[in-house]
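Shown next, in structure tokens, is the structure this report addresses.
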Amino acid sequence: MIETTYREALGLALRHAMMEDPTVVIIGEEVGAYGGAYGVTKGLLQEFGKERVIDSPISEAGFVGAAVGAAMSGLRPVAELMYVDFSGIAMDQIANQAAKIRYMFGGQMGVPMVLRTQGGTGRSAAAQHSQSLEGWFLQVPGLRVALPGTVSDAYHLLRASLRQADPVVFIEHKALYVQKGKLDPTQADANWGRAVVRRPGGHVTVVTYSRMLTYALAAAENVAGHGVEAEVIDLRTLNPLDWETVSGSVTKTGRAIVVTEACLTGGPAAEISARIQEECFDFLEEPIVRIAGEDVPIPVAPALEARSVPTVALITEIIRKLVR
Amino acid sequence: MIETTYREALGLALRHAMMEDPTVVIIGEEVGAYGGAYGVTKGLLQEFGKERVIDSPISEAGFVGAAVGAAMSGLRPVAELMYVDFSGIAMDQIANQAAKIRYMFGGQMGVPMVLRTQGGTGRSAAAQHSQSLEGWFLQVPGLRVALPGTVSDAYHLLRASLRQADPVVFIEHKALYVQKGKLDPTQADANWGRAVVRRPGGHVTVVTYSRMLTYALAAAENVAGHGVEAEVIDLRTLNPLDWETVSGSVTKTGRAIVVTEACLTGGPAAEISARIQEECFDFLEEPIVRIAGEDVPIPVAPALEARSVPTVALITEIIRKLVR
Amino acid sequence: MRPTKEQSLEVYRRMRRIRTFEERVGELFVRQQTAGSMLHLSIAEEAAAVGVTYPMREGDSFTTHHRGHGIFLARGADPKRMMAEIAGKADGYCRGKGGSMHIADRTLGHLGANAIVGGGIPAVVGAGLSYKVLAKPNVSIAFFGDGAMQQGVLYESMNLAALWRLPVVFVCVNNQWGMGTRIDRAAANTQFHERARTFGLEGHVVDGADVFAVIDIAERLVQGARDGRAAYLSVECYRYYGHARMDKSPYRTPEEEAEGRKQDPIQRAITRLREKDGATTGEFEAIDAAIAQEMDEAVEFAINAAPPPVTDLFRDVYDDHEPAPEPLRKRLERILTTNLTATN
Amino acid sequence: MRPTKEQSLEVYRRMRRIRTFEERVGELFVRQQTAGSMLHLSIAEEAAAVGVTYPMREGDSFTTHHRGHGIFLARGADPKRMMAEIAGKADGYCRGKGGSMHIADRTLGHLGANAIVGGGIPAVVGAGLSYKVLAKPNVSIAFFGDGAMQQGVLYESMNLAALWRLPVVFVCVNNQWGMGTRIDRAAANTQFHERARTFGLEGHVVDGADVFAVIDIAERLVQGARDGRAAYLSVECYRYYGHARMDKSPYRTPEEEAEGRKQDPIQRAITRLREKDGATTGEFEAIDAAIAQEMDEAVEFAINAAPPPVTDLFRDVYDDHEPAPEPLRKRLERILTTNLTATN
Ligand SMILES: Cc1ncc(C[n+]2csc(CCOP(=O)(O)OP(=O)(O)O)c2C)c(N)n1
Ligand SMILES: Cc1ncc(C[n+]2csc(CCOP(=O)(O)OP(=O)(O)O)c2C)c(N)n1
Ligand SMILES: [Mg+2]
Ligand SMILES: [Mg+2]
């Protein structure tokens, strides 16, 4: 068990994977000498050389597509898209190529690649560098979507992603890189596709992932002082989606809140809410409530940026209102 | 009142707009001499000349981006993306540029353009030419999303889209181009952002749009024989979303079915379902049911393709099960 | 290349197979036995297919655009399974999931035909990268049309291949037209190989009516690529017929078509074989007859083959070891049974 | 250009304004008064900004990359409102919504700075198209870094501008680095203007330390563009400092930096003004002092300006005449009130 950061845990997962499997290569902008825009790949170039840690020019469609081809040809590439916002440039390669190759070609070949990227607010990076776009990938059959919310998952969920036979869009959160936490690399890796109850409780189920997990846990702590026990579920992967854990909880609590940083309308909270409603209709005592990002682009002004996504105060308030 | 087709109604809307407003230009692949891949722009080049009907090379990011710039500079471009599937290439220009320019630049300028495109199954066009991707646009604040489901709306909704100050992604359905129907061009254009009750009924609300409207109406007709009256709502635009009409109906019927061709998971049916649940929770007598595209890429084999999206038979069956 | 008569006849045979195959695809369409109408025939592009694939070896790979039947045939495809795929049948290369625009075969190095113009290009960069990293002696070749010369991803890919010194060749089958757009209405400069050179590649152009010229340059460029010099080649030809099966090319003049159709690589090969190698009508007829029979059999195979079972709809979205997506009907039944029962 | 002393001093003045502005931005950051740390300074790129904008006229437009402060200043920006925008304040050009990477001003033809490398390039094609269709005598200019030379959308845009004969100029501010990547590690051929030529544009390269050389070529290319000949220009310079404010460029050697920093367009202009025009220390000092005061005022203005009101969060997503998005809190209150009330 070590005390480390989310950033370092990610780097360690890559390092261990590269040590174990010579076909793992890293491709992306500034992953080498620079060490990654957020420092995740620091040291890997020095350790594994430039044949395996491959700096790309600024050609998102090109290098993501190259990763797709490499994955079809015996490598296990980890492509790094510096910001998830840039997926707009590479979306054809992600959604029309990587996601569909196995199906379209009748199962002959898969695309075992991980597309590491990061999203979210928290650094006043403005409209084109702060989005939460996991909902785009969620609606593309063939793509797995993973979003680590803890230091331990930064390591173990990335490790698990690296064992998938299908393309995984692995979305980190820019505000979590500095988060500290415990990690035991000798533990088994994340149970792929299983959500985790991060805090048990009997009054209301809070379903979330990524940075909002931290917010939800803080809100759960707040309401605990008022005798309200919120059960906080960290989905970890949106595809696969672990319905057993979610519906097990909601049938118990009768109340559900979904918290995402992604915009409300059309975002992943909609899917989670719709599914809870379908699966647990008869158990619901109150409406399922979505607490999500405002339906606006992300503004640069820090005060506005902070209010464009859910706050701990708002989550706290809504839990209390829902459980009276 | 004339009898015409969806395809011709669209062409007529463009023609009338070009006659009325000299700043309307059409930009896209094969919009000129070829007349559009699905024949919508036929004759416009001859009538308005190549300064206003502009054939583009196969450069989706480039010409969609050019339309964005043109829209900021005094033109009102209608860009045609031949298949909505190609938006993967142009997504940066659509979602990071067109959608965000007004906000990011503090309201100084808007992007009054229409991005005409088409989607859906029905022609064995396989995985990269058959998708229903409106859900991608739905989760981008700043984009309007319109999907005509009738011949009259092909005209009037496109006309209304051409008057919007913000970018409209206008998604036609490839299987509807040959649909015949009545059109009165002298009528007022579509009431922007308002859904339409296409068939009134008191037992269950069916919320849908685009080609699934036709399917839903057929299913409603089927169940009418069994004494079940389904109210069929055509949303017409997903942004704006007309909640008044939907919740008015659901509070009356207590039952709601959402029908989309887009994939179930993470698609637009999720948003509609989640919102009905939030707005009408206390009125729901049964769970809101989503009937949507299967969570698979679209296969080419005609029999498989047809089963990858909702069928009239399935919609009929579910309505009957829900209203017993 | 100074081919022997036998080699020349083999080259002829490969081209004829493509031609006859494509003619049969047209008939299959007329008989309403294809999956859809998105069929793009590579008639008159046979020299590009046969010539460029000529120096390819086992383990080499390639991707193609939507007009890729001929290329894959040249690389050894089984016409039965191709035809079955075009008909959307279970015995097709992709189990009837892909169709004409998405034929692929991993065992023959076909990483897939693509219906997104330019979409399959960067994959060869990745394949080339894998050869470099894994120290394999292979090359990967991207085939695409002149339309893709206006897609940005091509230039990104060319730059990556040159920068990383990958065993990759980019081949533009320049048939002068992309749907209703002639290249001079698509590009301000149509000397595409010049563009490639400024991205650091070997860039060349060759007459696509002369299959032996194509073989010559292809041998050179493919060898260069094996040695780490990425290359680009324009093969100049002419799109004989419409863009797809429904298109009658009303946007171009009969004069232009007549002129363009003079560029027939098969006729050219026949003439050469007759003149240089003394090939006889009988020899050609024997080859043609065998091919005609092979292709007739392929058509019958495709027509008689079974469509994929409905359960295949949910198969191969993910790896076999993973659970398949839950079919909608099953899901709805489950939801309604659980909830409706509970309420009553 | 054979500038008069007055003109030369004006050119100097414009460059100095940029330099001082950027220095103040750095200080603003140190004082923790900026919105975020994504600040990209254009120090030593002043000749590109001043030189290329020199022949621009009213009604002309442009877009820039993320390193665009200098270009907009050269085109007439108010440093107060720029600084306020960089600080995320309501009085900024974009009401504090955009920040350093998204400054724009419609009235001065600034169609926007872009944080997507290459993202703002096609917009100038559209602007140029509008000038052509609406018969306006204007040009539109795209400014971008050498990093964008590897983005496909640039080549699509160049081809469109050349093909449609639009009044458009593409300007690469080639500061040799894109974050930690030197151009020779980003491109196999770094003679970028050669690429542009093969796309049918006028393609040139100029020494970005010599502002008068930049003005000369810019005048020619901008005039050519007005006449419908799209053009491309590389302005060669050197990125003096780190990529953004936090970056200390550990990935490059002190020797290289020392060498690169010799390319200072301001020093070069001073030398020339002294030698050719007999400009005196006093003259420079007077200019510098006035600018220093202007920029100090801009900093104070930015610091004292008010942040945007919270209600602005929902403003300008859509046109003013449209309803704004419903704030989440309001929505949640409504839902909970309606439903919770009804159930109790
Ligand atoms: C990204 C994309 N844009 C547009 C299309 C529609 N489309 C299909 S083929 C084609 C023309 C392609 O021309 P070319 O590349 O020259 O190939 P050819 O058909 O001549 O073999 C077009 C525009 C597409 N499939 N994909
Ligand atoms: C599409 C995209 N990819 C990557 C980035 C991250 N990024 C921002 S600036 C930059 C380097 C750009 O270099 P260059 O274009 O030369 O501009 P410079 O910073 O040197 O002025 C990178 C990689 C981005 N903002 N957008
Ligand atoms: Mg062609
Ligand atoms: Mg640079």
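Computed over heavy atoms, backbone and side chain alike; hydrogens, waters and symmetry mates excluded. Numbers restart at 1 for each chain; the letters A, B, ... are given by sequence-line order, proteins then strands.
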Quiz prompt | Leading residue by heavy atom contact count with chain C [cutoff under 4.5 Å; candidates Val68(A), Ile54(A), Val25(A)] | solution = Ile54(A)
Quiz item: Nearest heavy-atom pair of Arg334(C) and Glu279(A): which atoms, and what distance?
Solution: NH1-OE1, 2.7 Å
Quiz item: Is it the side chain or the backbone of Asp312(C) that comes within 4.5 Å of chain A heavy atoms, both, or neither?
Solution: backbone
Exercise. Please state whether the side chain, the backbone, both or neither of Arg331(C) comes within less than 4.5 Å of a heavy atom of chain A.
Key: side chain
Quiz item: With a 4.5 angstrom heavy-atom cut-off, which part of Leu163(C) approaches chain A: side chain, backbone, both or neither?
Solution: side chain
Quiz item: By a 4.5 Å heavy-atom criterion (distance strictly below it), what part of Leu134(C) contacts chain A: side chain, backbone, both, or neither?
Solution: side chain
Self-check item: Nearest atoms (heavy-atom pairs only) where Glu278(A) meets Ile335(C)
Solution: O-CG2, 3.4 Å
Quiz item: For Ala115(C), is it the side chain, the backbone, both, or neither that has a heavy atom closer than 4.5 Å to a heavy atom of chain A?
Solution: neither
Practice problem: Write down the atom of Gln108(A), the atom of Arg106(C), and the distance for their closest heavy-atom approach. | Solution: OE1-N, 2.8 Å
Quiz item: Closest approach of Tyr103(A) and Leu313(C), non-hydrogen atoms and distance?
Solution: OH-O, 2.6 Å
Exercise. Kindly give the heavy-atom pair with the smallest separation between Val125(C) and Ala66(A), and that separation in Å.
Key: CG1-CB, 3.9 Å
Quiz item: Can you say whether Val124(C) sits under 4.5 Å from chain A via the side chain, the backbone, both, or neither, judging by heavy atoms?
Solution: neither
Quiz item: What pair of heavy atoms forms the shortest contact from Gln93(A) to Pro122(C), and how long is it?
Solution: NE2-CG, 3.4 Å
